[in-house]
Amino acid sequence: MTAAAEPTPESAPLSACTVSRDITNFDLLIEDMEQEFGESWGDLRFDEALSFLSQPEAAALKVLTLALDAEDDTPAEMERIATLIAKARQAGVRVILITENLGATALHQLLRLGADDFVPYPLPEGALHDAVARLDKPLIAETPVPAATGGTAPGRDGSVLVVQGLAGGVGGTTFAVNLAWELATPDAPRKMQIAAPSVCVIDLDLQFGSVASCLDLSRTEAVFELWSDTARMDMLSFDQALADYDGKLKVLSAPADMLPLDFITGDDVNRVISMARSKFDYVIVDMPKSVVSWTEAALNQAHVFFAMLELDMRSAQNALRLMRTFRAEDLPAEKMRFVLNRAPKFTDLGGKTRVRHLEQSLSISIEVQLPDGGRAVTDANDHGEPLGKAAPKSPLRKAISKLARVVAAVETAGRATA
């Protein structure tokens, strides 16, 4: 269908609406809305949307897609958009943000106010479909997982973010460590003098895990003892196996000696992650490069599964293999979020074209693109410090910090609507 000016009482019930200043600025969105919703969608301006949500005709409405660009990033427009999101939440309507050149602060604010998801514009192929499919399962969702045995403390149910590099050297551990640090040291708690989130990093690479090296922490025998008999694990033995970094991060490092990856089982992984969830707001899990028998346990525990890759053939082939495995084993592939490390710069048009070709050839959406951290990453890891301390002005650090704010905002919104 073509974008309608405004739904009327005679129109067929609408299940979705776009809301924008001018929908013709988002022609790709029109095509995707037609593909996703057929004839059951309409287009509204912001003032019309506020009025329409109060009408009986809005009873069947399920989704609002707010198409925003840089011109919407003003105090007056943001206030109007915030009002619309609040009214949609009251009506039980889910909100997807379609953003082009919208500032990170504005995006963060709208997610905190209750928007359910966001997709960058121009829309990657299939991105709107994937966002709609995620509405029943928010990006940081409350997912039932196996309970830990032996002393799990009630009252806390942390979000699990799993990181797996799809090839050697793609920066998975660096990403995991620095995402954990940024989540543990947000700006708002420092300014408002409130408690920062508690964060734990679990290094599941039993052979070559380097989280401890990146933070200059010692590996202790308590880690081996913990994994040797997780069935008897209690809160005390779990705490004794954790190392502390700067009073802000807790780390369950890889064992001091190399262990075979089948030394642990899916039950072991479930128990340890569940124990961590009971104690921490965020649990970051750094996976080995290999897919092993207990990968499924980590994936089932995850709220988000970050798959790290680079713009090269080995990453592309491994991503394809991983997706085939997930589909063949009927694993929850919808949790997967692809992260491109050492992404092309804004001015590298050839590189941007290669990224689009990679997405098209693999039928994926690369939702996060991280710049090359350069020498600062090597120096920070050698000194055992996160980039937030060693190189706070690093473009990579700023990009991970921005992602951490979005993760925190979406997690907060997910809990508020749970």
Side-chain angles (χ1 to χ4, degrees), residues 1-69 71-72 77 80-102 107 110-111 113-139 141 327 333-334 356 359-360 363-365 367 410 413-414 417:
M1 63 176 285
T2 57
E6 182 175 359
T8 65
E10 292 76 20
S11 302
L14 300 180
S15 60
C17 274
T18 59
V19 183
S20 64
R21 286 180 295 99
D22 185 355
I23 191 60
T24 60
N25 294 332
F26 297 86
D27 52 345
L28 295 178
L29 176 59
I30 296 175
E31 297 175 7
D32 281 16
M33 291 292 289
E34 290 176 350
Q35 183 175 356
E36 187 69 24
F37 298 104
E39 295 293 323
S40 63
W41 74 278
D43 172 57
L44 298 166
R45 294 185 295 274
F46 287 103
D47 53 348
E48 295 170 338
L50 285 169
S51 173
F52 180 68
L53 285 173
S54 302
Q55 298 176 13
E57 291 79 8
L61 193 65
K62 297 180 180 179
V63 181
L64 284 182
T65 57
L66 308 189
L68 311 173
D69 58 24
E71 293 186 30
D72 295 300
E77 291 298 317
R80 182 165 64 163
I81 296 167
T83 301
L84 177 59
I85 292 175
K87 194 163 186 176
R89 283 171 59 86
Q90 292 174 358
V93 178
R94 310 302 290 273
V95 176
I96 299 174
L97 305 177
I98 309 296
T99 64
E100 182 178 26
N101 299 325
L102 188 70
L107 176 61
L110 295 179
L111 288 169
L113 289 172
D116 296 282
D117 206 343
F118 75 96
V119 181
Y121 188 89
L123 295 166
E125 184 176 355
L128 179 63
H129 173 78
D130 293 342
V132 172
R134 288 196 298 266
L135 289 181
D136 293 330
K137 192 175 294 183
L139 180 62
R327 291 164 183 161
E334 69 276 2
R356 289 195 297 270
E359 291 179 315
Q360 293 169 1
S363 298
I364 64 173
S365 173
E367 300 185 29
V410 178
T417 58

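For the numbers below, each heavy atom of this structure counts, side chains included, while hydrogens, waters and symmetry mates do not. Keep in mind the model is a prediction, meaning the values are calculated, not measured.
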Engineer: Decide, yes or no, whether a salt bridge links E359 with R356 under the criterion of side-chain N to carboxylate O below 4.0 Å.
Structural biologist: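 No, E359 and R356 are not salt-bridged.
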Engineer: Please identify each residue that fulfils side chain to side chain contact (heavy atoms under 4.5 Å, CB included) with E125, with sequence neighbours left out.
Structural biologist: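 Residues passing side chain to side chain contact (heavy atoms under 4.5 Å, CB included) with E125: Q360.
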Engineer: Supply the atom-to-atom distance F26 CZ to E31 CD, rounded to the nearest 0.5 angstrom.
Structural biologist: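 Here the rounded value is 14.0 Å.
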Engineer: Please list, chain by chain and in numerical order, all residues satisfying side chain to side chain contact (heavy atoms under 4.5 Å, CB included) with A49, sequence neighbours excluded.
Structural biologist: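 With sequence neighbours excluded, A49 shows a side chain to side chain contact (heavy atoms under 4.5 Å, CB included) to V19, L44, L84, given in chain and number order.
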Engineer: How long is the span from the CG atom in L53 to the CD atom in E48, to the nearest 0.5 Å?
Structural biologist: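 So the gap between those two atoms works out to 12.0 Å.
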Engineer: Determine whether L68 and I98 make a side-chain contact, defined as any pair of heavy atoms from C-beta on separated by less than 4.5 Å.
Structural biologist: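 Of all side-chain heavy-atom pairs linking I98 with L68, none is under 4.5 Å.
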Engineer: May I ask you to decide if D69's main-chain N or O and N101's side chain share a donor-acceptor pair within less than 3.5 Å?
Structural biologist: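 The answer is no, because no donor-acceptor pair under 3.5 Å joins these two groups.
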Engineer: Could you give the distance from OG1 (T99) to CZ (F118), rounded to the nearest 0.5 Å?
Structural biologist: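 The distance works out to 6.5 Å.
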Engineer: Please step through side chain to side chain contact (heavy atoms under 4.5 Å, CB included) for the pair E36 and V132, ending with a clear verdict.
Structural biologist: CA-CA 9 Å; E36 187 69 24; V132 172; 3.9 Å; yes
Engineer: Side chain to side chain contact (heavy atoms under 4.5 Å, CB included), that's the test. Do L61 and C17 meet it? Break it down for me.
Structural biologist: CA-CA 8 Å; L61 193 65; C17 274; 4.2 Å; yes
Engineer: Donor-acceptor check, side chain of K87 to backbone of L50, threshold 3.5 angstrom: yes or no?
Structural biologist: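 Yes, the answer is positive, given that a donor and an acceptor are paired below the 3.5 Å cut-off.
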Engineer: Answer whether the closest heavy-atom distance between the side chains of V119 and L128 falls below 4.5 Å.
Structural biologist: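 Counting from C-beta outward, V119 and L128 never come under 4.5 Å.
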Engineer: Would R94 and D117 satisfy salt bridge (charged side-chain N to carboxylate O under 4.0 Å, His left out), going step by step from the backbone distance to the final call?
Structural biologist: CA-CA 9 Å; R94 310 302 290 273; D117 206 343; over 6 Å; no
Engineer: Check for a donor-acceptor pair, side chain of S20 on one end and backbone N or O of I23 on the other, with a separation under 3.5 Å.
Structural biologist: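 Yes; at least one donor-acceptor contact below 3.5 Å.
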Engineer: Could you tell me the separation between the CG atom of L29 and the CE atom of M33, rounded to the nearest 0.5 Å?
Structural biologist: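 L29 CG to M33 CE: 6.0 Å, rounded to 0.5 Å.
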Engineer: Indicate the atoms forming the closest heavy-atom contact of A115 with I85, along with that distance.
Structural biologist: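 Smallest heavy-atom distance, with atoms named: N-CG2, 3.8 Å.
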Engineer: Are any of the side-chain nitrogens in D72 or R80 under 4.0 Å away from the carboxylate oxygens of its partner?
Structural biologist: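 Salt bridge: no.
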Engineer: Between R45 and R21, is a side chain to side chain contact (heavy atoms under 4.5 Å, CB included) present by the stated rule, with each step listed?
Structural biologist: CA-CA 6 Å; R45 294 185 295 274; R21 286 180 295 99; over 6 Å; no
Engineer: Just verifying a value: how many Å separate T18 OG1 and I96 CD1, rounded to the nearest 0.5 Å?
Structural biologist: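 Reported to 0.5 Å precision, the distance equals 12.0 Å.
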Engineer: How far does CG of L14 sit from CG of D43, to the nearest 0.5 angstrom?
Structural biologist: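 L14 CG to D43 CG: 11.0 Å, rounded to 0.5 Å.
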Engineer: Flag the pair I30 / W41 as yes when at least one side-chain heavy-atom distance between them is below 4.5 Å, and no otherwise.
Structural biologist: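 Answer yes - side chains close enough.
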Engineer: Does either side chain, that of S40 or that of S15, offer a donor lying less than 3.5 Å from an acceptor on the other one?
Structural biologist: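 Judged by distance alone, the side chains do pair up.
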Engineer: Please report the shortest heavy-atom distance between D32 and L123, naming the atom on each side.
Structural biologist: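 Heavy atoms only, the tightest pair is OD2-CD1, 3.4 Å.
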